[in-house]
Each structure stands twice: as C-alpha cells, then as structure tokens.
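Whatever order the structure lists ligands and atoms in, that order sets their numbers, starting from 1.
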Amino acid sequence: MSETATASHATTTSESRTQAVEEARARYALARPRTRELHERARDFLPGGNTRTVLYHPPFPLRIARGWDAVLADVDGHEYVDLLGEYSAGLYGHSHPVLIKAMMDALAEGISRGAHTGHEVDLAEAVCARFASIERVRFTNSGTEANLMALSAARAFTGRDQIVAFRGGYHGGLLTFKSGPSPVNAPYDVLLADYNDTDQATSLIHDNAGTVGCVLVEPMMGSSGCIPGDPAFLAALRDATSKTGALLVFDEVMTSRTGAGGLQGRLGITPDLTTLGKYIGGGSSFGAFGGRAEVMEQFDPGRPGALPHAGTFNNNVLSMAAGYVGLTQVYSPEVAESHTAKGDQLREQLAETFRDAGAPFQVTGVGSLLAIHPTASQVRSPNDLADSDARLLEVLFLDLLELGYYMAPRGYMALSLALTAGQLAGFLRAVDQVLRVRAALFGEV
Ligand SMILES: Cc1ncc(COP(=O)(O)O)c(C=O)c1O
C-alpha cells in the first residue's frame, strides 16, 4: 500500500471504530429508559450522578435492581450473568445461604454494640491461619484504609518516611498511581518505579536506603489490568527491602483469593505486612492490615505510647460474622485452590478464542481474576497498553451486555463461586459470537 493509501486506510479504520462505539452506545441507551431516568435524577444530587468513580461509563452507567446467585437484573428488567463479581468483593455471589444466615444471625444479636464481640476474634484467627505473613491483624472499613494504615505502621516502625510504589499501582482512592500520583492522593513522600522492572526498583530502594521505610506493591497489578508481577521481580523486592531494613508491604486486597494462602502463598514470598479487603468481609464492607507481630504490636493499646487506630465500624458484626463463615465454611483452602484453577482455565480458553478469531485482544490475570486488553501485543506492564484502542474494548463490553454478560467496562472480571460451568461456557460462546459479528471492525488492526 502507498503512504497515501495507508493513511487513508487508518482514517477509515479510526472512523469506523468511533462509529461502532456511537452505535453501540445508542443501542444501549434506547433499551434502558428507566436507567437513564434514574441517572438524570441522580445528577441533581450526586456529582455526575456518581458516588463511586469506577462504576461510571458512558452514555450512562448500568443500574442494578437486584441480584441472585451469579445473575444481576437491571432496573429496566434485563438480566446478566455477572462476571464482574463486585470488583472481586462478590466472590460468594449475590445470595449465598451460609453468608445470609450468618448476617441475619449477627443482626438478630444486635447491630451496633460499641464493644468488642466474639465475631472479630473468630475472623482474626481465621485470617492469621490463612495467610502465612499475618501473625497479628487489625480490621478497617476498606482496602484503602488498610493500605493507609499499613504505610503509617511501616513509617512509624522504621522511622523512615519515604515509600516506594509503582507506576500504574492502585491501592485505593487516596493511593492511586495509575497516571502518576493523583491530586487526591494522601500526601506521602512517594518514589515511583516501573512495575516488573527489577533493576529500576532495586536501585531506587538501595539508593534511598536511609529514607525508604517501605515498598508497597500489588503482587498482581489489579486495577491497571491484572498484570502479574514476575516472581523474580517480587523476590528481588523482598531481598532489597530485607537488606535495607525497609518493610515489604503486599497489597493483596484483590489477590488474597488466589489459592489457599493468597498470591504470596503461591509465590512463596513472605512480606512484612499484608493488606486485605473485598470478599474477606463476606460481601460487607471490609479491610485489614496485618503482618509481623513486632510491627503490629505497635497498635497494642495497653502499651505506653501505642499507635492509635480508630474506626467506628472496624469490628462491625456483619463483616466479622459473614467474613468468618465465608473463610472457614465456604472458601476453604481446597475451594480456593479449585476456584483458582477454574479461573486459570477460563483465561486460557478466552485467550484461545481471541487468537482463533485473529482479534486484537490479550487476556492477563491470575486464577479467578482476569482482564481483557484491546491490544495485539503482549502485556507485562502498564506501559505496554500505551497503544491499545479503548474503543474496541467498549464495543466488546456493550455487545456482551446486549448478549446478557456483564464484565467491567475496562475488561476486568472476578469470577464468583456462584458461576456455573454452563454460564462460563455461554460467556465463551458470546465472546466468539461478538468476534464473528464484528470481524470487520476487529480485523482492521
Ligand atoms: C489492590 C487494591 N488495593 C486497594 C483497593 C482499595 O480497596 P477499597 O475499594 O475497599 O478501598 C483496591 C480496590 O479495588 C484494590 O484493588
């Protein structure tokens, strides 16, 4: 093709992608009058009609009326197989009888008690038994809070203020480095390195050995697209922090569901501190930070000069009671292993579906956490997504919704235990169908 012909082909391709997005949005909007109406009403009270940024997508976001098992029904009456699993907090599905019973029983005992209960002891014991690095744990209301507390614990313990984190990292609304540091971030002194770049990260740690108090890392970068950390990269972080006296903090808010002992168990790496969240509250609000006893004992309120850690709802009975039965009666170590294997299998099948169709999508992830990326090239770090085309993912997302399958608009999925083999097979067929119908669009790489 001549240069002029190539340029004109690229313009046509770009135009057809934009047009496909516009048509898919229009089709979505037409089928959801009640959703639109509620969005318009919400805009009068909530900025942009939104109180949780990640849920927004154009032209106006999905609004769910109810859910059961692994199914969601929107306010316009459409039903979807739920592959998103509440961004990984919904591991148990929408109506697990064991969890519902635990919550109802806890409520029947009295809701807000203003005192310790037995429930938090049960859950703390189960969490310490489950994750090798956690000798002592404290509960919070969210993963964000858990990370903030872990950083404060590390800074107080080491007497050093600097934190090493990673470009593309997400540790909560106040600790996001997805496009560099966010203007709403907590004002910590943060040094950023590239994910999976061992030399860069270890040099940063060694060069600032006297001032870096901890390294905060997701063993799989979650929000930036389920990009697994290379085992050698994570092991090098362990080694560099041990040598320099900094603490290694694994943010396992998303990944703790991996295998019997979290991703750290799979990797055989023991961080000094670990943060948790999501499903561990049994579907109710939750966060936790824990680790080496000597670091955590700073918070023992019986000690002179103990660090404070407040939170009215830290031991709320719904999260404590549901979390405990979830971890001990439902998501046992054996179930965690088999669910992780199921996710690994789906990821491979999905990748094969894209490959067979010659479509420009990659699938990354670990176990039951996976993400689809609109790019033909391999994804090892957020930088590899620079030339991906978000329009292709939006068309895929909206087409799959139309066929009754819900994933995150960014292509993220966190498989729940409620998903059946039939629903997963149906999802693969739906993806295949979209790829065939959209062959012309997806083929124009
Ligand atoms: C890795 C990671 N850390 C922290 C958080 C923040 O957790 P929360 O939304 O409960 O504040 C999230 C949430 O998605 C996460 O994925």
*Anything with a heavy atom under 4.0 Å from ligand 1 counts, so go ahead and list those protein residues by chain and number.*
S142, G143, T144, N147, Y170, H171, G172, E218, D251, V253, M254, K278

*asked:* Are F354 and F442 an aromatic pair, judged by ring center distance below 6.0 Å?
replied: no

_Residue pairs, two or more places apart or on separate chains, that pass salt bridge (Lys or Arg N to Asp or Glu O under 4.0 Å) and touch residues 135-153_ = R136-E297

*asked:* Test your reading of the model: is there a side-chain donor-acceptor pair from R160 to the backbone of A209, 3.5 Å cut-off?
replied: yes

*Qualifying salt bridge (Lys or Arg N to Asp or Glu O under 4.0 Å) pairs, either residue in residues 240-258, two or more places apart*: D239-K243

*asked:* Parallel, tilted or perpendicular, judged at 30° and 60°: which one describes the rings of F427 and Y405?
replied: tilted

_Residue pairs fulfilling ring pair (Phe, Tyr, Trp, His ring centres under 6.0 Å) with at least one residue in residues 234-284, sequence neighbours excluded_ = Y279-Y331

